[in-house]
Amino acid sequence: HDPATAFVAKSGFRDDDFRPFLYRTEDYGQTWQSIGAGLPEAPINVVVQDLENPDLLIVGNDLGVWVSIDGAGSWHRLQANLPTVPVHDLTIHPREADLVVGTYGRAVWVGDITPIRQLTVASLEAPLHLFDVEPRAFYGLRALGNFHLFGDRYLSAPNEPDGLVIQYLLASAHDGGATVIIADAAGTEIATLTSPAEPGLNSVRWDMRPGDAATGDDWRSRMRRFNTPPLPPGDYRITVRVGGHEATTVGSIRQRIR
């Protein structure tokens, strides 16, 4: 973002020095400022700056992953289902906005950091914050077959599921969950979802089909939902209602490229 700015992380592991050594220069290295305040006592192995948001910094240390949304003003652990493990490498996919985490002994982890890119101090303090929805195309039935003929010789990962992923931030929990309403361009409601309402980041996937997505757990309900044709490409209004609060954004179904 700025050619005069660079970051350096240093691990004191081999010297039994576990202080968080993390520095930034904004004048081509003539002077350096320590920006590790607030990080735990753990050697830092890697630091990256987000490709789109210059205030988003991500650190991998011997305990996991830490992020700052305010240019190192404060640090927060990025946990979810990540294990407590030394993180030795980080990279951000330039197209998918996926953070790729290389660990020491616990494999490679991949997660979408799109909502973290949009986080601000104001959104963290709001009772409800709805993130932008990434456009997707509906692919439907994909290739079938045995993709594990060679066992674990080759790395494999599941495809992302069909659907628009709706993510929102809540300051506190709400009994009864949240309601997500999908409407077309004319404002006609065409689909509803019941989604979680836990403090922090919540996520629900809309399968791009009309009607109530709460189809039940039995196989007949799932098959009826599967056989319902998806909606055509276009823009759809997405509204999240929870605890007397409401937020609206636009989600787009893209044309499938054959």
Side-chain angles (χ1 to χ4, degrees), residues 20 37-40 42 47-85 87 90 92-93 96-101 103 106 108-134 136 158 160-161 163-182 192-207 213-214 238-251:
L39 287 168
V47 56
V48 295
Q49 184 184 38
D50 183 54
L51 304 175
E52 293 186 2
N53 182 355
D55 290 328
L56 176 58
L57 304 178
I58 308 174
V59 158
N61 63 18
D62 275 11
L63 296 177
V65 178
W66 265 256
V67 300
S68 174
I69 63 171
D70 54 6
S74 60
W75 293 93
H76 308 274
R77 187 174 185 182
L78 180 62
Q79 191 168 3
N81 60 333
L82 281 174
T84 300
V85 62
V87 172
L90 297 170
I92 300 172
H93 195 287
E96 298 297 332
D98 286 339
L99 176 67
V100 184
V101 180
T103 73
R106 293 294 297 274
V108 176
W109 297 70
V110 181
D112 183 10
I113 62 169
T114 300
I116 301 178
R117 280 180 167 173
Q118 302 173 32
L119 274 180
T120 63
V121 175
S123 63
L124 287 173
E125 296 175 349
L128 167 64
H129 178 79
L130 178 60
F131 295 98
D132 296 339
V133 177
E134 181 181 357
R136 294 268 178 94
E160 292 185 349
L164 299 183
V165 179
I166 303 162
Q167 298 173 307
Y168 50 95
L169 193 70
L170 293 177
S172 59
H174 296 273
D175 294 336
T179 301
V180 178
I181 300 172
I182 315 296
T192 58
L193 302 88
T194 300
S195 55
E198 299 297 329
L201 184 64
N202 294 264
S203 179
V204 64
R205 182 177 63 88
W206 174 45
D207 61 6
I238 299 173
T239 302
V240 176
R241 295 173 181 169
V242 55
H245 303 286
E246 180 176 302
T248 301
T249 188
V250 174

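As the structure is a prediction and not an experimental result, all values here were calculated from the model.
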Can you list, pair by pair, the side-chain donor-acceptor contacts under 3.5 Å of residues 76-85, counting residues two or more places apart and other chains?
{"residue": "His76", "atom": "NE2", "partner": "Ser74", "partner atom": "OG", "Å": "3.4"}
{"residue": "Arg77", "atom": "NH2", "partner": "Leu63", "partner atom": "O", "Å": "3.1"}
{"residue": "Arg77", "atom": "NH2", "partner": "Thr84", "partner atom": "OG1", "Å": "2.9"}

For residues 167-181, which side-chain donor-acceptor pairs fall under 3.5 Å, sequence neighbours excluded?
{"residue": "Tyr168", "atom": "OH", "partner": "Ser195", "partner atom": "OG", "Å": "2.7"}
{"residue": "Tyr168", "atom": "OH", "partner": "Pro196", "partner atom": "O", "Å": "2.4"}

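Partners of Asp132 according to the side chain to side chain contact (heavy atoms under 4.5 Å, CB included) rule, which considers only residues two or more places apart in sequence or in another chain, are Gln118, Thr249. For Glu96, there are no side chain to side chain donor-acceptor pair (under 3.5 Å) partners, not counting sequence neighbours. With sequence neighbours excluded, no residue satisfies salt bridge (charged side-chain N to carboxylate O under 4.0 Å, His left out) with Asp112. Partners of Glu198 according to the salt bridge (charged side-chain N to carboxylate O under 4.0 Å, His left out) rule, which considers only residues two or more places apart in sequence or in another chain, do not exist here.
For the residue pair Ala37 and Trp75, the shortest heavy atom distance occurs at O-CD1, 3.3 Å. Between Glu134 and Leu164, the closest heavy-atom pair is O-CD2, 3.6 Å. In plain terms, the two heavy atoms of Phe131 and Leu119 that are nearest each other are CZ-CD2, 3.8 Å. What you find for Leu51 and Arg117 is that their closest heavy atoms are CB-NH2, 4.0 Å. Across all non-hydrogen atoms, the minimal contact from Pro54 to Leu57 is O-CD2, 4.2 Å. In plain terms, the two heavy atoms of Val87 and Leu90 that are nearest each other are CG1-CD2, 3.8 Å.
Side-chain contact between Leu201 and Pro115 is present, with at least one heavy-atom pair separated by less than 4.5 Å. Using a 4.5 Å heavy-atom threshold, the side chains of Thr120 and His129 count as separate. In this structure the side chain of Leu124 reaches within 4.5 angstrom of the side chain of Ile69, judged on heavy atoms. Annotation: side chain of Ile113 is in contact with side chain of Asp50 (closest heavy-atom distance under 4.5 Å). Looking only at side-chain heavy atoms (C-beta outward), Leu193 and Ile182 come within less than 4.5 Å of each other.
Note that CG of Leu130 and CD1 of Ile166 are 8.0 Å apart. Values are rounded to the nearest 0.5 Å. Summarising the geometry, atom CD belonging to Glu246 is positioned 5.5 Å from atom OG1 belonging to Thr239; distances are rounded to the nearest 0.5 Å. Put simply, NE2 on His93 and CG on Leu99 are 12.5 Å apart, with the number rounded to the nearest 0.5 Å.
Between the side chain of Asn202 and the backbone N or O of Gly200, at least one donor-acceptor pair lies under 3.5 Å.
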Does the pair Ile92 and Ile58 meet the rule for a side-chain contact (heavy atoms from CB on, under 4.5 Å), with working shown?
CA-CA 10 Å; Ile92 300 172; Ile58 308 174; 4.2 Å; yes

